[in-house]
Novice: 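Pasting in a structure now, in structure tokens, and then I'll have a few things to ask.
Just so it is clear, the structure is predicted and the values come from calculations on it, not from any experiment.
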Amino acid sequence: MILQVADLHTYIGEFHILQGISLAVPEGGATVVLGRNGAGKTTVLRTIMGLLRPHSGEIRFAGQPIAGLPAHVIARRGLGYVPEDHGIFSGLTVEENLRLAMRGQQKEERLAGMLALFPELQAAWRKRAGSLSGGQKQMLAIGRVLLTESRLLLIDEPSKGLAPLIVEKVAQALNEIKKETTIVLVEQNFNLARTVGDFCSVIDDGRTVWSGGMSELAANGEILHRYLGIGRRSEKA
């Protein structure tokens, strides 16, 4: 397992958000973290990335403990993070955002590969990031973290606010990315999760309630209904 999380507890202020999260991420492919709004999905990623300090529990990346380390140290160990709000520099151009991610190293070949994955960024090369569409901003956020050559990407809600056609493009890109880089994906759109995910964990009220293969979850009507609110109409029909 490239990432292992065991009995993770995290507070935000006085609120006990994560109350025993466990997560096992195999190397290769995509693992999706699913749950209703407010279940704690974003807090899981922020705690793994070191943006929130866990109260207790264990996080191991590539066999090494990382719980409680600063975010910049965790990033240097090979974790990349795409936050829900993209985290791009709005006042800089697309090119400038991407060059900063390259950190001055010679990564032109990787840059070319990323632009082939997201040709919309090549077309918007000289535009300021703040002027991009929502879909272009998401592509820039993902493209930028790809240039860091991370072993594991944590991606939070990549479909949020995007039109269905753009969601399809993002799904296609994620399926290409996971061939080379392991992904942990937090997603509310179950269709996207099912398209991209190989494995999944379902969380509810800050606890892990189910883990397994995505195909198993898609066939488990009880879990889908109880924790994700999927399938109610078909059951009433």
Side-chain angles (χ1 to χ4, degrees), residues 2-3 25-33 45 49 62 75-189 191-200 214:
I2 190 170
L3 178 70
V25 179
E27 187 157 15
T31 296
V32 185
V33 179
L45 295 193
M49 197 64 214
R76 288 173 184 165
R77 293 197 179 189
L79 274 79
Y81 178 53
V82 181
E84 184 180 351
D85 63 358
H86 307 128
I88 58 178
F89 296 103
S90 297
L92 301 182
T93 65
V94 168
E95 178 186 11
E96 289 167 339
N97 269 273
L98 295 174
R99 296 289 181 191
L100 281 175
M102 294 169 71
R103 297 173 184 167
Q105 299 179 32
Q106 298 299 316
K107 297 183 180 178
E108 296 298 329
E109 183 177 343
R110 192 169 184 86
L111 175 62
M114 186 277 297
L115 291 175
L117 195 62
F118 296 122
E120 292 87 348
L121 297 182
Q122 182 73 74
W125 193 243
R126 301 295 184 185
K127 290 185 178 180
R128 293 193 181 278
S131 70
L132 301 179
S133 69
Q136 289 172 323
K137 287 177 180 177
Q138 188 61 267
M139 293 173 191
L140 178 58
I142 296 172
R144 190 176 65 170
V145 78
L146 284 177
L147 295 178
T148 65
E149 298 184 323
S150 299
R151 289 184 61 189
L152 175 65
L153 300 183
L154 309 177
I155 304 178
D156 194 0
E157 296 275 13
S159 73
K160 186 175 181 179
L162 302 185
L165 181 60
I166 303 301
V167 172
E168 289 183 15
K169 291 183 177 181
V170 170
Q172 291 170 3
L174 292 176
N175 275 323
E176 288 299 312
I177 292 167
K178 74 177 188 178
K179 294 176 182 178
E180 297 185 0
T181 306
T182 306
I183 295 173
V184 173
L185 177 69
V186 158
E187 185 50 65
Q188 196 73 17
N189 183 327
N191 287 330
L192 173 61
R194 183 168 54 184
T195 299
V196 175
D198 302 292
F199 313 98
C200 58
M214 181 56 75

Novice: Side chains of Thr182 and Leu3: does their closest heavy-atom pair fall under 4.5 Å?
Specialist: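 No, too far: nothing below the 4.5 Å cut-off.
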
Novice: Minimum heavy-atom separation for Pro26 to Thr31, with atom names?
Specialist: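 In terms of heavy atoms, the two residues are closest at CD-OG1, 3.8 Å.
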
Novice: Show the nearest heavy-atom pair for residues Glu157 and Gln188, with the distance to one decimal.
Specialist: OE1-N, 3.2 Å

Novice: Roughly how far, to the nearest 0.5 Å, is the CZ atom of Arg144 from the CG atom of Leu111?
Specialist: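 Leu111 CG to Arg144 CZ: 14.0 Å, rounded to 0.5 Å.
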
Novice: Quick one: CD on Gln136 to NZ on Lys169, what's the gap to the nearest 0.5 Å?
Specialist: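 It comes to 9.0 Å.
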
Novice: Going from CD1 on Ile177 to CD1 on Ile155, what distance comes out if it is rounded to the nearest 0.5 angstrom?
Specialist: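 With rounding to 0.5 Å, CD1 (Ile177) is 6.0 Å from CD1 (Ile155).
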
Novice: CG of Leu174 to CD of Glu187: how many Å apart, nearest 0.5 Å?
Specialist: 9.0 Å

Novice: Looking only at heavy atoms, what is the nearest atom pair of Asn97 and Phe89, with distance?
Specialist: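 For Asn97 versus Phe89, the nearest heavy atoms are OD1-N, 2.9 Å.
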
Novice: Identify the heavy atoms of Val145 and Tyr81 that sit nearest to each other, and give their distance.
Specialist: CG2-N, 3.5 Å

Novice: Apply side chain to side chain contact (heavy atoms under 4.5 Å, CB included) to residues Leu117 and Ile142 and explain how you reach the verdict.
Specialist: CA-CA 11 Å; Leu117 195 62; Ile142 296 172; over 6 Å; no

Novice: Roughly how far, to the nearest 0.5 Å, is CG of Leu98 from CG of Leu92?
Specialist: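 Interatomic distance, Leu92 CG to Leu98 CG, rounded to 0.5 Å: 10.5 Å.
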
Novice: State whether the side chain of Gln138 and the backbone N or O of Pro158 hold a donor-acceptor pair below 3.5 Å, judged by distance alone.
Specialist: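 Such a contact is found between Gln138 side chain and Pro158 backbone.
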
Novice: Quick one: are Val196 and Val32 in side-chain contact, heavy atoms under 4.5 Å?
Specialist: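 SC-SC contact between Val196 and Val32 ruled out.
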
Novice: Rounded at 0.5 Å granularity, tell me how far CD1 in Ile88 sits from CE in Met139.
Specialist: 12.5 Å

Novice: Would you sort out whether Glu84 and Val186 count as a side chain to side chain contact (heavy atoms under 4.5 Å, CB included), showing the intermediate values?
Specialist: CA-CA 9 Å; Glu84 184 180 351; Val186 158; over 6 Å; no

Novice: Would you name the heavy atoms of His86 and Gly134 that are closest together and state the gap between them?
Specialist: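 So the minimum-distance heavy-atom pair works out to NE2-O, 4.2 Å.
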
Novice: Looking only at non-hydrogen atoms, find the nearest pair between Ser150 and Leu153 and report the distance.
Specialist: CB-CD2, 3.9 Å

Novice: Spell out, as yes or no, whether a donor-acceptor pair under 3.5 Å connects the side chain of Lys127 to the backbone of Leu132.
Specialist: no

Novice: Please assess Val94 against Leu140 for the test side chain to side chain contact (heavy atoms under 4.5 Å, CB included), listing each intermediate value before the final yes or no.
Specialist: CA-CA 7 Å; Val94 168; Leu140 178 58; 4.1 Å; yes

